[in-house]
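To start, the structure itself, in structure tokens.
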Amino acid sequence: MNKILFIDTAHPVIQEELEKAGCICDYFKDYTRKDYEQCIHEYLGVIIRSKIQLDKAILDKAVKLKFIGRVGAGMESIDVEYAESKGIRCLNSPEGNRIAVGEHAVGLLLALMNKIILANNSIRKGIWEREGNRGIEIYGKTVGIIGYGNMGSAFAQCISGFGAQVLAYDKYKTGFSSAIVTETTLENLFEQCDILSLHLPLTDETHYMVDDAFLQKFKKPIFLLNTARGQIIKTIDLVKHLQQGKVLGAGLDVLEYENFSFETMNLANIPPDFDYLLHADNVILTPHIAGWTVESKYKLAKVLVDKILSVLNFSDRQS
């Protein structure tokens, strides 16, 4: 009997579909990493979001494991290289929340450039200010995208109707120019961008990619969006460029100071740079919800379980 371990909660469609296929699904709400280390040897598959790190130490105990299913896009909670070296398939479901992320990024941009939140808060304080809340149009601007996978291409799709020039750079992908986007170099983004949106995984290569030296390279002041991972941006350097006017505004759905699970953030000792973001009128913060829509919750799960069932069928044919 195929046993599947749910380390995190997930949409019930995953359990329903796996049980229809004859699997036994276990979820232990109060388990800690130590508990998982003691039981993971029993399981054919694992469903995870970001509760714990599936690193070499725990993977070595997973002697029956055939797959790890990550409900979402990012894979930084899994040592993918080591898992795959042991014949464990690592699956995720970025197709499930790509539209949600694209729409949220556009929402952040519109709110920033049109001062929507600032204006709303002013009216609620009894202040009717029109000139001070004059906005800036997306039309005619150059929008730059770094990372043109599921999320970057969805953002391009969502922004394509605004009459902006959309450029995208992806170090590991070429030949993707289309009616809505033009493939370009990183150097060209530095030269032309008015707006920059980040759609990258968190890796050793992208950690603190957006730092002081990176931001210095932009020829024009930019609006900056990050719906990817918080640690791609070095916050203290972003604050410097917000203060100097090189970054005109920032829409941040993810933050450097999130806890590993993304479910909480330790605000007991707020660093000065984060405190600046909290009080800056040209910064909009959301709590890692860009891909967190009602629709995406189902789609993330359905895409993933379809991939898992495909792997299980393959495994059955091989056995």
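From a predicted model like this one, the values you see are computed outputs, not experimental measurements. All values below come from the heavy atoms of this structure, side chains included, with hydrogens, waters and symmetry mates left out. Just so you know, residue 1 is the first one in the sequence shown, and it goes up from there.
For the residue pair H288 / T286, no side-chain donor-acceptor distance below 3.5 Å is found, with atom types taken as modelled. A donor atom on one side chain and an acceptor atom on the other are not found under 3.5 Å apart for Y169 and N188. Using modelled atom types and a 3.5 Å distance limit, the side chains of T32 and D35 yield a donor-acceptor pair.
Atom NZ of K297 has 12 or fewer neighbouring heavy atoms from other residues, nucleotides or ligands inside a 6.0 Å radius. Few gaps surround CD on Q38; more than 12 heavy atoms of other groups in view lie less than 6.0 Å from it.
Panel note: side chain S177, backbone E183; a donor-acceptor pair is recorded below 3.5 Å. Side-chain atoms of S296 do not come within 3.5 Å of backbone N or O of A100 as any donor-acceptor pair. Using a distance-only test at 3.5 Å, with no hydrogens or angles considered, a donor-acceptor pair links the side chain of R70 to the main chain of R49.
Taking a cutoff of 4.0 Å between a charged side-chain nitrogen and a carboxylate oxygen, K86 and E81 do not qualify as a salt bridge. A salt bridge links D55 to R33: at least one charged side-chain nitrogen sits closer than 4.0 Å to a carboxylate oxygen.
The aromatic rings of F214 and F218 stand perpendicular to each other, their planes meeting at an angle above 60°, with 30° marking the opposite boundary.
Not less than 6.0 angstrom separates the ring centroid of H199 from the ring centroid of Y148.
Paired with D26 under the rule side chain to side chain contact (heavy atoms under 4.5 Å, CB included), one option of Q15, E42, K3 passes, and it is K3.
I222 places none of its side-chain heavy atoms less than 4.5 Å from the side chain of I195.
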